[in-house]
Amino acid sequence: MGLIHIELFATLDLVGQAPGGPDEDPAGFPFGGWQAPLLDEVAGAQVGAAYEGTDALLLGRRTYDIFAAHWPHQEGGEDDEIATLFNRVPKYVASRGRPDLSWAGSTQLGPDLAGAVREIRDRHEHVKVVGSLNLVQTLLREKLFDRLDLWVHPIVLGVGKKVFDGGAVPTNLTLLEPPVAAPRGTVYLRYGLAGGTPATGDMSAPDRGRDD
């Protein structure tokens, strides 16, 4: 069975809407493209490394349309490595509508999204979910993910779609590797899905902090 990786760019208040450009998701959101001024070589290298080994993309309709209009034309350019990867691997699209599937290797998922994602996980080794906040809510609710890569940027927007926006259920995660901070303040966090549900405790208990 393969792994489902969620890749998300977020602000300190966990807004994940339209990081890449003002035209990504403009309806009522004035900060499209908020990520661009915060990019640096360290953060770019982290993003590139995160896609190593990817053998399928799982995308929501809006993210798919943006990618399909962009990546087929980027091979041979500055982002050739990622463009070549994205153009080569299968693309699975979660949509209730009728997306244009002319991007090579694209397939629309059926109405049983959870079942379709489980089949994709059985078919591939490393499936990447990029952006796609509506789809992410379903994956969080169903716990249909194995890793969550979160790039937290040092800004607060106060408006916009959130990473955890009604889809999350009580879930334990474990930090898989030490956080990495980029020069412009972005912090990269990689979490893995852990068993059980969050526990509670009493901070005033007399044995608080003891290991024995």
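For reference, positions follow the sequence shown, starting with 1.
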Can you list the steps and then say if Leu59 with Val130 is a side-chain contact (heavy atoms from CB on, under 4.5 Å)?
CA-CA 6 Å; Leu59 305 171; Val130 189; 4.2 Å; yes
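- Atom CD of Glu177 sits in a crowded spot, with more than 12 heavy atoms from other residues, nucleotides or ligands closer than 6.0 Å.
- Take Thr138 and apply the side chain to side chain donor-acceptor pair (under 3.5 Å) test, not counting sequence neighbours, and it matches Arg141.
- By the 4.5 Å heavy-atom criterion applied to side chains, Pro183 and Val42 are counted as neighbours.
- Sorted by first and then second residue, the pairs that involve residues 174-197 and meet ring pair (Phe, Tyr, Trp, His ring centres under 6.0 Å), not counting sequence neighbours, are Trp151-Tyr188.
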Would you be so kind as to tabulate the donor-acceptor pairs closer than 3.5 Å made by side chains of residues 66-76, with sequence neighbours excluded?
from	atom 1	to	atom 2	distance (Å)
Gln74	NE2	His70	O	3.3
Glu75	OE2	Asn87	ND2	2.8

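- Residues Gly131 and Val136 share a closest heavy-atom pair of O-CG2, 3.4 Å.
- The nearest pair of heavy atoms linking Ala10 to Leu150 is CB-CD1, 4.0 Å.
- When side chains are defined from C-beta on, Leu135 counts as touching Leu58, because their heavy atoms get closer than 4.5 Å.
- Residue pairs meeting the salt bridge (Lys or Arg N to Asp or Glu O under 4.0 Å) criterion with at least one partner in residues 6-18, sequence neighbours excluded, are Glu7-Lys128.
- Without hydrogens or angle criteria, Gln137 side chain to Leu133 main chain gives a donor-acceptor distance under 3.5 Å.
- Considering only heavy atoms from C-beta on, Leu39 stays 4.5 Å or farther from Val47 through its side chain.
- Both Leu57 and Phe9 are members of a single hydrophobic cluster when ILVMFWY side chains are connected at heavy-atom separations under 4.5 Å.
- No chain of hydrophobic side-chain contacts below 4.5 Å, direct or via other Ile, Leu, Val, Met, Phe, Trp or Tyr residues, connects Phe31 to Leu14.
- Checked by atom type and distance alone, the side chain of Arg184 pairs as donor or acceptor with a backbone atom of Pro37 at under 3.5 Å.
- For the residue pair Gly60 and Ser132, the shortest heavy atom distance occurs at N-OG, 2.8 Å.
- Phe29 pairs by the ring-ring contact (aromatic ring centres under 6.0 Å, His included) definition with nothing, not counting sequence neighbours.
- Neither Leu12 nor Leu38 shares a network with the other; the hydrophobic side chains, linked directly or stepwise wherever heavy atoms of I, L, V, M, F, W or Y lie under 4.5 Å apart, form separate groups for each.
- Side-chain contact, Tyr64 with Ser106: a donor N or O sits under 3.5 Å from an acceptor N or O.
- Annotation for Val187 and Pro179: closest pair CG1-CB, 4.1 Å, computed over non-hydrogen atoms.
- Residues that satisfy the side chain to side chain donor-acceptor pair (under 3.5 Å) test with Asn134, not counting sequence neighbours, are absent from this structure.
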I'd like to know whether Phe86 forms a ring-ring contact (aromatic ring centres under 6.0 Å, His included) with Trp103, so could you lay out the CA-CA distance, the side-chain angles of the two residues, the decisive distance to 0.1 Å, and finally the verdict.
CA-CA 10 Å; Phe86 283 6; Trp103 191 12; 7.2 Å; no
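- Using modelled atom types, one side-chain atom of Thr54 and one backbone atom of Tyr51 make a donor-acceptor pair closer than 3.5 Å.
- Nearest heavy atom pair, residue Ala43 against residue Ala182, reads N-CB, 4.0 Å.
- Remark: the backbone N or O of Asp202 is not paired with any side-chain donor or acceptor of Ser204 at under 3.5 angstrom.
- Closest approach of Gln108 and Pro99 over heavy atoms only: OE1-CD, 3.3 Å.
- Applying the side chain to side chain donor-acceptor pair (under 3.5 Å) rule to Asp146 yields the partners Arg121; only residues at least two apart in sequence or on another chain are considered.
- Hydrophobic clustering (side-chain heavy atoms under 4.5 Å, transitive across Ile, Leu, Val, Met, Phe, Trp, Tyr) keeps Val89 apart from Ile120.
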Would you check, one step at a time, whether the test side-chain contact (heavy atoms from CB on, under 4.5 Å) holds for Leu189 with Val152?
CA-CA 8 Å; Leu189 302 164; Val152 181; 4.1 Å; yes
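- The CD1 atom of Ile6 lies 9.5 Å from the CG atom of Leu193; values are rounded to the nearest 0.5 Å.
- Judged as a salt bridge (Lys or Arg N to Asp or Glu O under 4.0 Å), not a single pair has a partner in residues 78-106 (not counting sequence neighbours).
- Judged by distance alone, the side chain of Asn172 and the main-chain N or O of Thr197 form a donor-acceptor pair under 3.5 Å.
- Leu148 CG to Thr174 OG1: the interatomic distance, rounded to the nearest 0.5 Å, is 12.5 Å.
- Applying the ring-ring contact (aromatic ring centres under 6.0 Å, His included) criterion to Tyr92, with sequence neighbours excluded, gives His124.
- By the rule that hydrophobic residues join a cluster once side-chain heavy atoms approach within less than 4.5 Å of another member, Leu8 and Val129 end up as members of one cluster.
- A search for salt bridge (charged side-chain N to carboxylate O under 4.0 Å, His left out) contacts involving Arg118 returns nothing, not counting sequence neighbours.
- Partners of Asp25 under the side chain to side chain donor-acceptor pair (under 3.5 Å) rule, at least two apart in sequence or in another chain, are Gln17, Lys161.
- With sequence neighbours excluded, the residues forming a side chain to side chain contact (heavy atoms under 4.5 Å, CB included) with Arg147 are Leu3, His5, Leu176, Arg190, listed by chain and number.
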